[in-house]
Amino acid sequence: MATHRVSVLGHSTIPDTSGNVYPDTYSSEGVNDFFRHLCFTFLQGTTKDSLYGSFSVPENFDSAASLVIIWTAHDLTQNDVVWDFEYRCVGGDDAESLDEEDEQESDLTVTDAGPSAVHERMVATIPLTSVNFSAGDTVEFIFSRDGTPGTDDDLANPAILFDLLFEFDDA
């Protein structure tokens with residue numbers, strides 16, 4: 001048995017219409033203008049701002065599903081950010097609808113302390129319910145920064161998302 005990670009960000013990932021989440025090059029978020037890869041900026045706010053997307057569960061999936069969040073902030077801070085994940089797995093051939101109105105699992109959250117130094121790599125993990133996933137499933141998801149009142153998100157700066165990884169064990 002081995003553990004694998006695959007990125008779930010891709011051509012189908014889009015931000016909500018709030019304007020508080022947007023794709024950007026890291027060269028415009030970072031201090032240096034050297035690495036110019038894509039990242040997503042989540043502004044600080046009092047709302048739940050989201051990315052929407054989908055991915056396929058790898059054919060060698062067996063168990064131990066989780067979502068790994070790779071992120072940073074460009075200002076020194078030790079306050080917290082709250083990440084939220086909601087999803088629906090759709091499988092089979094002519095068996096399940098891709099056009100549903102609700103999620104299979106919602107309000108999966110992790111509160112992560114901000115970086116202790118500017119632009120340090122941060123890693124947070126949200127455990128997922130493995131029995132919901134099957135090899136080959138299409139997973140539709142909503143990934144959010146939850147700054148709504150009552151949450152612990154007090155990071156006063158934008159959070160910069162580098163990657164979302166679907167982590168799992170194979171058979």
Side-chain angles (χ1 to χ4, degrees), residues 1-16 18-58 60-61 63-87 105-130 133 139 141-148 151-170:
M1 181 181 308
T3 300
H4 303 275
R5 289 181 172 180
V6 295
S7 181
V8 303
L9 298 178
H11 72 279
S12 68
T13 308
I14 61 169
D16 64 19
S18 69
N20 293 329
V21 180
Y22 54 89
D24 205 351
T25 60
Y26 189 56
S27 61
S28 67
E29 294 292 346
V31 176
N32 300 306
D33 193 21
F34 191 72
F35 293 107
R36 298 172 183 241
H37 54 82
L38 185 66
C39 60
F40 283 92
T41 298
F42 286 76
L43 297 178
Q44 188 274 336
T46 58
T47 57
K48 187 174 180 179
D49 301 309
S50 307
L51 283 176
Y52 296 83
S54 67
F55 67 94
S56 295
V57 176
N60 61 337
F61 171 82
S63 62
S66 61
L67 183 75
V68 179
I69 305 153
I70 310 296
W71 71 283
T72 193
H74 56 70
D75 290 321
L76 181 60
T77 181
Q78 294 192 19
N79 291 344
D80 297 332
V81 65
V82 176
W83 299 112
D84 181 269
F85 191 65
E86 302 176 19
Y87 68 89
E105 194 162 18
S106 64
D107 298 323
L108 301 171
T109 63
V110 63
T111 301
D112 200 24
S116 60
V118 176
H119 292 282
E120 284 189 339
R121 183 179 188 262
M122 305 301 296
V123 180
T125 302
I126 298 175
L128 305 175
T129 304
S130 291
F133 298 88
V139 180
F141 70 86
I142 305 168
F143 176 75
S144 308
R145 177 179 179 183
D146 193 352
T148 55
T151 68
D152 293 329
D153 190 322
D154 58 0
L155 184 73
N157 303 302
I160 303 165
L161 178 68
F162 270 68
D163 210 351
L164 286 179
L165 304 169
F166 179 66
E167 183 177 83
F168 65 95
D169 289 344
D170 65 11

Quick check against the 3.5 Å criterion: does [X] have a side-chain atom that pairs as donor or acceptor with the backbone of [Y]?
X    : Y    : value
D153 : V82  : yes
S18  : N20  : yes
T41  : I160 : no
D170 : F61  : no

Less than 4.5 Å apart, any side-chain heavy atom of [X] and any of [Y]?
X    : Y    : answer
P15  : P23  : yes
L164 : L67  : yes
T148 : T46  : no
W71  : D112 : yes
L51  : I142 : no

What pairs with [X] under side chain to side chain contact (heavy atoms under 4.5 Å, CB included), at least two apart in sequence or on another chain?
X    : answer
S12  : S54
E120 : P115, S116, A117
D169 : M1, T3, S63, A64

Euclidean distance, [Y] [atom2] relative to [X] [atom1], rounded to 0.5 Å:
X    : Y    : atom1 : atom2 : answer
S144 : D107 : OG    : CG    : 9.5 Å
F162 : L9   : CZ    : CG    : 12.0 Å
Q44  : T47  : CD    : OG1   : 9.0 Å
L165 : I70  : CG    : CD1   : 5.5 Å
L161 : T72  : CG    : OG1   : 11.0 Å
E86  : S50  : CD    : OG    : 7.5 Å

- Take N60 and F168 through the test side-chain contact (heavy atoms from CB on, under 4.5 Å) and record every step on the way to the result. CA-CA 9 Å; N60 61 337; F168 65 95; 3.4 Å; yes
- Kindly indicate, with the supporting measurements, whether the criterion side-chain contact (heavy atoms from CB on, under 4.5 Å) is fulfilled by L155 and D80. CA-CA 5 Å; L155 184 73; D80 297 332; over 6 Å; no
- Query: Of the non-hydrogen atoms in D24 and L38, which two are nearest, and what is the gap between them?
  - Reply: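 Looking at all heavy atoms of both residues, the shortest contact is O-CD1, 3.3 Å.
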- Can you name the closest pair of heavy atoms from V6 and P58 and give their distance?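 Heavy-atom minimum between the residues: CG2-CG, 4.0 Å.
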- Query: Hey, mind stepping through Y87 and F133 against ring-ring contact (aromatic ring centres under 6.0 Å, His included) and telling me if it holds?
  - Reply: CA-CA 10 Å; Y87 68 89; F133 298 88; 5.0 Å; yes
- Start with the C-alpha distance between D49 and L43, add both sets of side-chain angles, then the distance that settles side-chain contact (heavy atoms from CB on, under 4.5 Å), and finish with yes or no. CA-CA 8 Å; D49 301 309; L43 297 178; 6.0 Å; no
- Message: Taking salt bridge (Lys or Arg N to Asp or Glu O under 4.0 Å) as the cut-off, I'd like each qualifying pair that reaches into residues 159-168, sequence neighbours left out, listed once.
- Response: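 The answer is R5-E167.
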- Task: Taking ring-ring contact (aromatic ring centres under 6.0 Å, His included) as the test, write out the residues that go with F40, two or more places apart.
- Result: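 ring-ring contact (aromatic ring centres under 6.0 Å, His included) check on F40 returns nothing, list empty.
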- CA sep, side-chain torsions, deciding dist, call: I69, V123, side-chain contact (heavy atoms from CB on, under 4.5 Å): CA-CA 6 Å; I69 305 153; V123 180; over 6 Å; no
- Item | Centroid separation F166 to F55 less than 6.0 Å |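 Ring centroids of F166 and F55 are less than 6.0 Å from each other.
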- Query: In terms of ring plane angle, is the pair W83 and F143 parallel, tilted or perpendicular, where the classes change at 30° and 60°?
  - Reply: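 The rings of W83 and F143 lie parallel, inter-plane angle below 30°.
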- Query: What pairs with D84 under salt bridge (Lys or Arg N to Asp or Glu O under 4.0 Å), at least two apart in sequence or on another chain?
  - Reply: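 By the salt bridge (Lys or Arg N to Asp or Glu O under 4.0 Å) rule, D84 matches K48.
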